[in-house]
Peer 1: 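First the structure, then my questions, so here it is.
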Amino acid sequence: MTADDDRLIAECLRGRTEAFGELVYRYQDRLYNTVYRLLGNAEDARDVVQEACLHAYQALDAFKHDSQFFTWLYRIAVNTAISWKRKHRSVLSLNTGQADATLEPHDSSESIQPGYAMEQAERERQVQEALNRLSAEHRAVLVLKDMEGEKYEAMAEILQVPIGTIRSRLHRARLELRTLLEQEQQKDQPK
């Protein structure tokens, strides 16, 4: 924990609520990005981050200082997003899908080709839609590891499960995501 975080927490607990606002401001973009990737909807992500910050504020006196404040807040945000997703489950259909399964080196000239940005945006949309079809637990480990670059230890702390469970979920989630993307790619193949 940074000394500045610790100072702001102490000030907030003494009644200076603006100190908590400073803490949230410091971390809100990272929280939002993660929650957005978990939920796939900007408005829902904003609502969930706000709800998570409210939960954190209300439970600030329970913060034990045995981890960094950001890790504690991140855990609350991820768990809030997972709970929200469970409550608001919807059936999604994947209209299109295409996975770039080749391991060819990236051709830097392709980024200047007409339509490249649209194709890239479409691929990102397809991956996000496939992510949305995964269970909350699988989506969480994929986002934390593959998109946020978290270490296994941090993921275990955030999700409050053993590292072995993290590794197992991550393996199954990657397989499931690959299968979803391959199925959609096959649907799009000319017959």
Side-chain angles (χ1 to χ4, degrees), residues 24-57 70-102 106 111 115-152 154-161 165-189:
V24 168
Y25 182 76
R26 186 175 292 173
Y27 301 119
Q28 69 185 1
D29 289 342
R30 282 183 68 193
L31 291 175
Y32 172 80
N33 288 334
T34 299
V35 171
Y36 175 76
R37 288 181 177 136
L38 288 169
L39 301 179
N41 179 293
E43 187 175 324
D44 294 341
R46 282 190 294 275
D47 290 346
V48 166
V49 168
Q50 185 175 12
E51 184 179 335
C53 290
L54 179 61
H55 288 308
Y57 178 76
F70 175 72
T71 304
W72 181 74
L73 182 60
Y74 197 80
R75 180 183 325 135
I76 292 171
V78 167
N79 288 336
T80 303
I82 290 171
S83 295
W84 187 95
K85 192 70 174 175
R86 283 184 186 139
K87 283 187 244 177
H88 298 88
R89 260 181 224 250
S90 62
V91 177
L92 297 173
S93 66
L94 202 55
N95 297 329
T96 61
Q98 180 178 1
D100 188 8
T102 62
H106 175 70
S111 63
Y116 174 78
M118 287 178 36
E119 289 173 13
Q120 185 69 20
E122 178 63 14
R123 276 193 291 263
E124 289 175 12
R125 184 193 62 76
Q126 291 166 353
V127 169
Q128 185 62 53
E129 285 183 5
L131 274 173
N132 289 341
R133 294 182 66 192
L134 299 177
S135 69
E137 291 80 12
H138 284 174
R139 188 173 36 260
V141 294
L142 274 174
V143 168
L144 290 172
K145 183 65 176 164
D146 294 341
M147 296 179 171
E148 296 294 323
E150 291 292 336
K151 294 186 182 325
Y152 288 109
M155 292 170 62
E157 185 176 340
I158 289 165
L159 297 174
Q160 297 179 317
V161 296
T165 301
I166 295 292
R167 291 179 192 276
S168 174
R169 283 183 186 172
L170 186 59
H171 176 72
R172 287 193 306 261
R174 286 174 175 160
L175 290 175
E176 187 178 352
L177 183 64
R178 179 184 302 146
T179 300
L180 288 170
L181 291 170
E182 287 172 352
Q183 287 171 351
E184 290 307 313
Q185 184 178 19
Q186 289 172 358
K187 288 180 187 177
D188 289 341
Q189 295 293 323

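When a residue number appears, it is its place in the shown sequence, counting from 1.
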Peer 1: Identify the two heavy atoms, one from Gly40 and one from Gln128, that lie closest to each other, and give their separation to 0.1 Å.
Peer 2: CA-NE2, 3.3 Å
Peer 1: Taking all non-hydrogen atoms of both residues, which atom of Leu159 and which atom of Ala140 are closest, and how far apart?
Peer 2: CD2-CB, 4.2 Å
Peer 1: Rounded to the nearest 0.5 Å, how far apart are CG of Leu180 and CG of Leu134?
Peer 2: 6.0 Å
Peer 1: Applying ring pair (Phe, Tyr, Trp, His ring centres under 6.0 Å), name anything that partners Tyr152, two or more places apart in sequence or on another chain.
Peer 2: none
Peer 1: At what distance, to the nearest 0.5 angstrom, does CZ of Arg174 lie from CG of Asp146?
Peer 2: 4.0 Å
Peer 1: Between Leu177 and Ala130, what is the shortest heavy-atom contact and its length?
Peer 2: CD1-CB, 3.4 Å
Peer 1: Going by salt bridge (Lys or Arg N to Asp or Glu O under 4.0 Å), name the pairs with one or both residues in residues 39-51, residues two or more places apart or in two chains.
Peer 2: none
Peer 1: Which atoms form the tightest heavy-atom contact between Ala52 and Ala77, and what is the distance?
Peer 2: CB-CA, 3.5 Å
Peer 1: Could you measure the distance from the CG atom of Leu39 to the CG atom of Asn132? Nearest 0.5 Å is fine.
Peer 2: 8.0 Å
Peer 1: Compare every heavy atom of Val24 with every heavy atom of Cys53, then report the nearest pair and how far apart it is.
Peer 2: SG-CG1, 3.6 Å
Peer 1: Hey, what do you get for CG (Leu170) to CE (Met155), rounding to the nearest 0.5 Å?
Peer 2: 5.5 Å
Peer 1: For Val141 and Ala173, work out which heavy atoms get closest and say how close.
Peer 2: CG2-CB, 4.2 Å
Peer 1: Using residues 30-37 as the side-chain source, report each donor-acceptor pair under 3.5 Å to any protein atom, sequence neighbours left out, with the distance given to one decimal.
Peer 2:
| from | atom 1 | to | atom 2 | distance (Å) |
| --- | --- | --- | --- | --- |
| Asn33 | ND2 | Asp29 | O | 3.2 |
| Thr34 | OG1 | Arg30 | O | 3.2 |
| Thr34 | OG1 | Tyr74 | OH | 3.0 |
| Thr34 | OG1 | Glu148 | OE1 | 3.4 |
| Thr34 | OG1 | Glu148 | OE2 | 3.2 |
| Arg37 | NH1 | Glu148 | OE2 | 2.5 |

Peer 1: For the CG atom of Leu73 and the CZ atom of Arg26, what is their distance to the nearest 0.5 Å?
Peer 2: 11.5 Å
Peer 1: Please examine the side chains of Leu175 and Arg178, heavy atoms only from C-beta on, and report whether any two atoms are closer than 4.5 Å.
Peer 2: yes
Peer 1: Output the distance between atom CD (Glu176) and atom NE2 (His171), rounded to the nearest 0.5 Å.
Peer 2: 12.0 Å
Peer 1: Within the structure provided, determine whether Leu131 and Met147 are in side-chain contact (heavy-atom separation under 4.5 Å).
Peer 2: yes
Peer 1: Thr71 vs Arg75, test: side-chain hydrogen bond (donor to acceptor under 3.5 Å, both in side chains). Steps then yes/no.
Peer 2: CA-CA 6 Å; Thr71 304; Arg75 180 183 325 135; over 6 Å; no
